[in-house]
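These notes are about the structure you will find just below.
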Protein chains: 2
Amino acid sequence: MKRSPNQGFTPRLSIRSVASRARVSIATVSRTINHVSTVNAVLAARVWKAVDELNYFPNSQARALVSGKSKLLGLIISEITNPFFPELIQEFEKVAVERGYEILIGSTNYEPKTMELCARRMFERQVDGVAIMTFGIEQFLLDRFASDDVPVIFIDIPSKHPRSDILSVDYRAGIWEGVQHLAALGHRKVAFISGPLQHRSAGARKSAFLDCIRCAGIKPNQKWLIEGNHTLEGGRDAMQKILALPDLPTAIMCSNDMTAIGVQHALFDASLKIPEDFSLIGFDDIHLAEYTIPPLTTVQMSCKDLAQAAMTSLLSRLQPRKDKVEPEEPITTRLVVRRTTGPPKAS
Amino acid sequence: MKRSPNQGFTPRLSIRSVASRARVSIATVSRTINHVSTVNAVLAARVWKAVDELNYFPNSQARALVSGKSKLLGLIISEITNPFFPELIQEFEKVAVERGYEILIGSTNYEPKTMELCARRMFERQVDGVAIMTFGIEQFLLDRFASDDVPVIFIDIPSKHPRSDILSVDYRAGIWEGVQHLAALGHRKVAFISGPLQHRSAGARKSAFLDCIRCAGIKPNQKWLIEGNHTLEGGRDAMQKILALPDLPTAIMCSNDMTAIGVQHALFDASLKIPEDFSLIGFDDIHLAEYTIPPLTTVQMSCKDLAQAAMTSLLSRLQPRKDKVEPEEPITTRLVVRRTTGPPKAS
DNA sequence: TAAACTCGTTGAAACGTTCTCCGAATCAGG
DNA sequence: CCTGATTCGGAGAACGTTTCAACGAGTTTA
């Protein structure tokens, strides 16, 4: 940056330009654009006119520097190429922009190393808050955010120690509906393709499934519990493993929709039909699920609700108001029946 | 922000803390962490030690304020829920983070209004550069960026006035391969479902198609030129319109893969088979295209190439080096044959 | 031996805001 | 018309950094 008296030209458009054009002090301009009520209406009008004519807008860096608030929010997700997350991002962005925030996105790709890098990026940009929408998070990262007084929201299963920065999801409800649906159709041999199990919430989905299966009076078969990785490839590979088994299940539940789509692909490749040969249930209800062939029966977790709950909670922590932070309702899940489930093949 | 002498406590971790701990001036600290070569090795070591012990990192707001560089890059896309864009974002993010930049994402949802809002957001955060990866952009927005000396990169068709801030895509090459492929299979009746035609590059894809069709000696039929909107729904609706026609085409080309997936859905609903009843070709080659049922034959536009070319060009404009900005090669496109094309039904 | 140069370090100004404090202006009541 | 209350505008410090100008200690030259 040039330090010379005036570096020649370019008297950069600043609050000062507005002040002089409106013939008021810079303080008055500042108060006007920050909607402080005590400012005289006549002057305010002059200020707004000047702002408009100059097409001025405040320098957010300077604002951030002095206020200590960057108006930046971090959003850490697992994998941006999994359509569930873009849908989530879209909701986040909407709410954030409405409230004057921008979003910094970090994609971990399921690697703890990358997760750490993302967290560091968030730190360096001094985000005002972070939403961690991955399937799990390391404790030490949470601690680090906490030690910097950065509010953090993350997803987890409902717990009896309701720390309000946890957004709890009731995975069981939807999975239970799914299992019941399958049982009602006559399925007794149900496989489950999980997500990467080192992630808490992937594990939570799997335990919910096992729990439900037992409640339905079905004894789970270890052979039919496959670990996937929440990707298309993972779903395909897992299904191929299942097909290689001597004793086949009649229905497959998946930890997310991408896995289910991978399964559909594997079955198509093997010339097997859904739902005639296998029933299939996904999880998430991404928009695409309605468009698979055949349309996917899946457990819906409203990412709209999720994003809004996360944002509400995050923002309420940023602007401490008198209204108490209400204990968050758990996010609910429910079955959406489409066309990948049917009675088991009479074998 | 409290203005009282010391607001009690919290002597915020700053470059000053490091300076006093390393027993040097803040200027020396600054030069050290910015890798200015003239700094004495002994002092540098002391500084790095202090940095490490305090776990210090510089405040990016302050940096941005004084340097005039926000190290923020804008990325404006059409629609984050179209999987093509997340794939693009992923590449962008990778390159950007490597170079110390963060990305601000704006999704226009094809609305000029929203596009304007996005541009404004970018302005307010004083991004150092913007990549506009939508299917078109208003001239006045480009002008505004230009008047603020913000480098802009956007996509367009190859033109004889190669302004280096245009990333040109050779849509024709891939579409030509697609048309030839169909013609070779015996198709003479080919429909095209375009994107929203107010967008330049959607229009470009359509003209490329018309051009290729004529070159292949086929007379295009106006009835088979449907305007879609690059979404699943748009593809489905367009296909339903086509199915209502008295004279049916035998093959469908789509302006993007999402449209093609919508077409597959409409055909599935109508109990029509691909490729037996209709051949289908998409555009983009999103990752999902390999996983549709049947796997989608499509024109590949490497979003990796696209993102990297965009970033390279953008970054080279940010750090003007001696090495001349090479004239960008147009991004190429090519056909990927999978299983949605076959000979036309003998009617 | 003093002057002229280097080299490396430091103090201080500047970036564009916000916000506190204080002085000036306005107004109502006596 | 004067006093006290009230309201509003302006000067200036502070935020955390970068970088310029200046300075001090060595080193070389006259």
Side-chain angles (χ1 to χ4, degrees), chain A residues 1-8 10-20 22-47 51 54 56-71 100 123-126 128, chain B residues 1-8 10-47 51 54 56-71 100 123-126 128 148:
Chain A
M1 182 107 273
K2 303 296 177 301
R3 280 282 160 274
S4 31
N6 202 357
Q7 71 149 317
T10 51
R12 248 246 186 339
L13 184 58
S14 83
I15 197 171
R16 248 170 289 271
S17 333
V18 179
S20 70
R23 285 168 291 129
V24 296
S25 75
I26 60 170
T28 303
V29 176
S30 175
R31 273 183 304 219
T32 304
I33 63 182
N34 287 300
H35 302 104
V36 174
S37 58
T38 63
V39 58
N40 182 295
V42 176
L43 294 202
R46 285 222 303 270
V47 169
V51 164
L54 295 173
Y56 162 86
F57 43 81
N59 181 320
S60 50
Q61 332 279 3
R63 262 188 169 172
L65 180 58
V66 64
S67 70
K69 301 276 153 228
S70 64
K71 289 281 188 174
F123 268 118
E124 298 198 350
R125 296 279 171 175
Q126 3 254 148
D128 293 341
Chain B
M1 183 105 274
K2 303 294 178 304
R3 280 282 159 276
S4 33
N6 200 358
Q7 71 149 318
T10 52
R12 247 238 188 348
L13 183 58
S14 83
I15 197 173
R16 246 171 290 272
S17 333
V18 179
S20 69
R21 181 173 251 266
R23 285 166 292 127
V24 296
S25 75
I26 60 170
T28 301
V29 176
S30 175
R31 278 173 311 136
T32 305
I33 63 181
N34 287 300
H35 301 106
V36 173
S37 58
T38 63
V39 58
N40 181 296
V42 177
L43 295 201
R46 285 223 303 271
V47 169
V51 164
L54 295 172
Y56 162 86
F57 45 83
N59 180 322
S60 50
Q61 330 280 4
R63 262 189 170 171
L65 179 58
V66 64
S67 71
K69 301 276 154 229
S70 63
K71 289 284 189 169
F123 267 119
E124 298 197 351
R125 295 281 172 174
Q126 2 255 153
D128 293 339
D148 252 43

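Note that these values count all heavy atoms, side chains included, but never hydrogens, waters or copies made by symmetry. Just so it is clear: chains get the letters A, B, ... in the order the sequence lines come, proteins before strands, and each one is counted from 1.
Nucleotide C:dT17 holds its P atom 10 Å from the CZ atom of A:Phe57, rounded to whole Å. If you take CG of A:Leu65 and P of C:dA14, they are 17 Å apart, rounded to a whole angstrom. When the C1' atom of C:dT9 is taken as reference, atom CZ of B:Arg23 falls 15 Å away, rounded to whole Å. As rounded to whole Å, 17 Å separates atom P of D:dG12 from atom CD1 of A:Ile15. Going from atom CG of A:Asn59 over to atom P of C:dT17 covers 5 Å, rounded to whole Å. Between A:Lys69 atom NZ and D:dA14 atom C1' there is a gap of 17 Å when expressed in whole angstrom units. When the P atom of D:dC15 is taken as reference, atom CG of B:Leu13 falls 14 Å away, rounded to whole Å.
Closest approach of A:Gln126 and B:Ser60 over heavy atoms only: OE1-N, 3.4 Å.
The stretch residues 32-46 of chain B touches DNA chain D through B:Asn34, each having a heavy atom under 4.0 angstrom from the strand.
Taking 4.0 angstrom as the limit, B:Ser14 places none of its side-chain polar atoms (N or O) nearer than this to OP1 or OP2 of D:dG16. Between B:Ser30 and D:dT17 there is no side-chain polar atom (N or O) within less than 4.0 angstrom of OP1 or OP2.
Direction of the helix axis in the helix from C:dT1-D:dA30 to C:dG30-D:dC1 shifts by 60° between the two five-pair termini, rounded to 10°.
Looking at residues two or more places apart in sequence or on another chain, you find a side chain to side chain donor-acceptor pair (under 3.5 Å) between A:Ser25 and A:Thr28. With sequence neighbours excluded, the residues that form a side chain to side chain donor-acceptor pair (under 3.5 Å) with A:Arg63 are A:Asn34. Among residues two or more places apart in sequence or in another chain, the ring-ring contact (aromatic ring centres under 6.0 Å, His included) test is passed with A:Tyr56 by none. With sequence neighbours excluded, no residue satisfies salt bridge (Lys or Arg N to Asp or Glu O under 4.0 Å) with A:Arg125.
Taking for each of A:Arg63 and B:Ala62 the nucleotide of DNA chain C with the nearest heavy atom, the 5'-most of the two is the partner of B:Ala62.
The backbone N or O of B:Val47 sits nowhere less than 3.5 Å from a side-chain atom of B:Thr32 that would complete a donor-acceptor pair.
Residue pairs that meet the side chain to side chain donor-acceptor pair (under 3.5 Å) test with at least one member in residues 37-47 of chain B, sequence neighbours left out, do not exist here. Within the structure, salt bridge (Lys or Arg N to Asp or Glu O under 4.0 Å) contacts touching residues 31-43 of chain A (residues at least two apart or in different chains) do not occur.
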